[in-house]
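A short write-up of the structure that comes next.
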Amino acid sequence: MGEPTQSNTDPQPGSGQLDRRGLLFILSSPSGAGKTTLSQMLLKRDSEIKLSVSVTTRPPRPGEVDGVHYHFVSDEKFDAMVAEDDFYEWAHVFDHRYGTPKGLIRTGLKDGQDFLFDIDWQGTQQLYQKDQQDVVSVFILPPSLDELRRRLEARAQDSNDVIDSRMDRARAEISHWAEYDYVVINDDVDQCFERVCEVLDAERMRRTRQTGLIPFVRELMGG
Ligand code: 5GP
């Protein structure tokens, strides 16, 4: 998770840079609807948000790097982390377990660091229960189920059986769309990305997140 990027310095009237609390930005979608592409675009565009790297018991896919895409661990290690209360949330997805390590998230939020989560509806609900005020959730819908299947097949990483089970899972995942703060249809990835960025930019400006506003206004009004 790395170091927080912002320090709590005194606000400078007119500088436009006020201290703010970070947020937990969740992008969810069925596999293949584009959230991983969108996450990568967001991390490239925006240096104030960093990926929360999950822990998983599933084996790496070709090209996946331990510590970058996931922390890949054994079942025994995952059990030990659950016992130690090392997770913010965790869930069974398909035949494996996935969890969000607590790490630096709590201190990072105070220092204005945003965290991006590429997690499913179960993880979203758990994060909401733990920390509703900091969560902003976005659900990405595919334009159609035919298109979703086409995208899964084009990835050519999984067998037909796996694709069938991911399509079943996609229907189940989509049924949770109404539990999210925002829903965006990924018909055109660039347009979808613009919508996602607009949501993030606006949520950062929420009054309740702008912790620097009180001292700023006090100084603005002459102490
Ligand atoms: P994949 O194996 O395709 O990388 O991910 C499978 C599913 O697990 C995805 O829907 C992804 O959002 C979900 N997932 C990944 N990390 C986490 C996590 O830390 N917690 C939860 N609850 N789900 C996760």
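Whatever order the structure lists ligands and atoms in, that order sets their numbers, starting from 1. The figures that follow rest on heavy atoms only: side chains count, while hydrogens, waters and symmetry mates do not.
- Proximity of His69 to ligand 1, defined as any heavy-atom pair under 4.0 Å, is not found for any part of the residue.
- Atom 19 (O) of ligand 1 has its closest protein heavy atom at Ser54 OG, 2.7 Å.
- No side-chain donor-acceptor contact under 3.5 Å links Thr211 and Arg20.
- For the pair Leu18 and Gly212, the tightest heavy-atom approach, listed with the atom from each and the gap, is CD2-O, 4.1 Å.
- Proximity to Gly123 (heavy-atom distance under 4.0 Å) selects the following atoms of ligand 1: 22 (N).
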For residues 56-66, which side-chain donor-acceptor pairs fall under 3.5 Å, sequence neighbours excluded?
unit_1, atom_1, unit_2, atom_2, d
Thr56, OG1, Arg58, N, 3.0
Thr56, OG1, Arg97, O, 3.1
Thr57, OG1, Arg97, N, 2.9
Arg58, NE, Tyr98, OH, 3.4
Arg58, NH1, Glu64, OE1, 2.8
Arg58, NH2, Glu64, OE1, 3.4
Arg58, NH2, Glu64, OE2, 3.0
Glu64, OE1, Arg61, N, 2.8
Asp66, OD1, Phe72, N, 2.8

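- Each of the atoms 1 (P), 2 (O), 4 (O) of ligand 1 lies under 4.0 Å from some heavy atom of Arg58.
- Note on ligand 1: Lys35 sits in its first shell, one or more heavy atoms being nearer than 4.0 Å.
- At a 4.0 Å heavy-atom cut-off, ligand 1 touches Arg166 through the side chain alone.
- Atom numbering of ligand 1 starts at 1 in the shown order; those under 4.0 Å from a heavy atom of Thr100 are 19 (O).
- Counting heavy atoms closer than 4.0 Å to ligand 1, residue Glu89 contributes side-chain atoms (C-beta onward) but none from N, CA, C or O.
- Within the 4.5 Å cutoff, side-chain heavy atoms of Leu38 are placed close to those of Ile140.
- With Lys50 contributing its side chain and Phe115 its backbone, the two residues share no donor-acceptor pair below 3.5 Å.
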Please tabulate, for the side chains in residues 82-90, all donor-acceptor contacts under 3.5 angstrom to protein atoms that are two or more places apart in sequence or on a different chain.
unit_1, atom_1, unit_2, atom_2, d
Asp85, OD2, Lys102, NZ, 3.2
Tyr88, OH, Asp131, OD2, 3.4
Glu89, OE2, Thr100, OG1, 2.5

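- Taking only nitrogen or oxygen atoms, main chain and side chain alike, Ser29 does not reach within less than 3.5 Å of ligand 1.
- Looking only at protein heavy atoms, the nearest one to atom 24 (C) of ligand 1 is Tyr98 CB, 3.6 Å.
- Heavy-atom contacts of Tyr70 reach the following atoms of ligand 1: 1 (P), 4 (O), 5 (O), 15 (C), 16 (N) (cutoff under 4.0 Å).
- By the criterion of a heavy-atom distance under 4.0 Å, neither the backbone nor the side chain of Phe117 is placed next to ligand 1.
- With a heavy-atom cut-off of 4.0 Å, Val93 touches ligand 1 through its side chain alone.
- Side chain to side chain, Asp111 and Gln113 fail the donor-acceptor criterion of an N or O pair below 3.5 Å.
- Contact check for Ser28 versus Ser137: no side-chain heavy atoms found under the 4.5 Å cut-off.
- Each of the following atoms of ligand 1 lies closer than 4.0 Å to a heavy atom of Asp118: 11 (C), 12 (O), 14 (N), 15 (C), 16 (N).
- Counting the atoms of ligand 1 from 1 in the order shown, those under 4.0 Å from a heavy atom of Gly99 are 18 (C), 19 (O).
- Contact record, Phe78 with Val55: CE1-O, 3.8 Å, taken as the closest heavy-atom pair.
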Applying side chain to side chain donor-acceptor pair (under 3.5 Å) to Glu179 and Gln125, what does each step give before you reach the verdict? CA-CA 8 Å; Glu179 294 155 24; Gln125 284 192 351; 2.8 Å; yes

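- Residue contacts with ligand 1: Trp90 is excluded, as none of its non-hydrogen atoms falls under 4.0 Å.
- With a 4.5 Å cut-off on side-chain heavy atoms, Val162 and Ser159 count as touching.
- Under the 3.5 Å distance criterion, the side-chain polar atoms of Arg209 are matched with a main-chain donor or acceptor of Glu203.
- Residue-ligand proximity, Asp120 to ligand 1, at heavy-atom distances under 4.0 Å covers atoms 10 (O), 12 (O), 21 (C), 22 (N), 23 (N).
- Heavy-atom separations between Arg61 and ligand 1 include at least one value shorter than 4.0 Å.
- Close contacts of ligand 1 with Phe94, meaning ligand atoms under 4.0 Å from a residue heavy atom, involve 6 (C).
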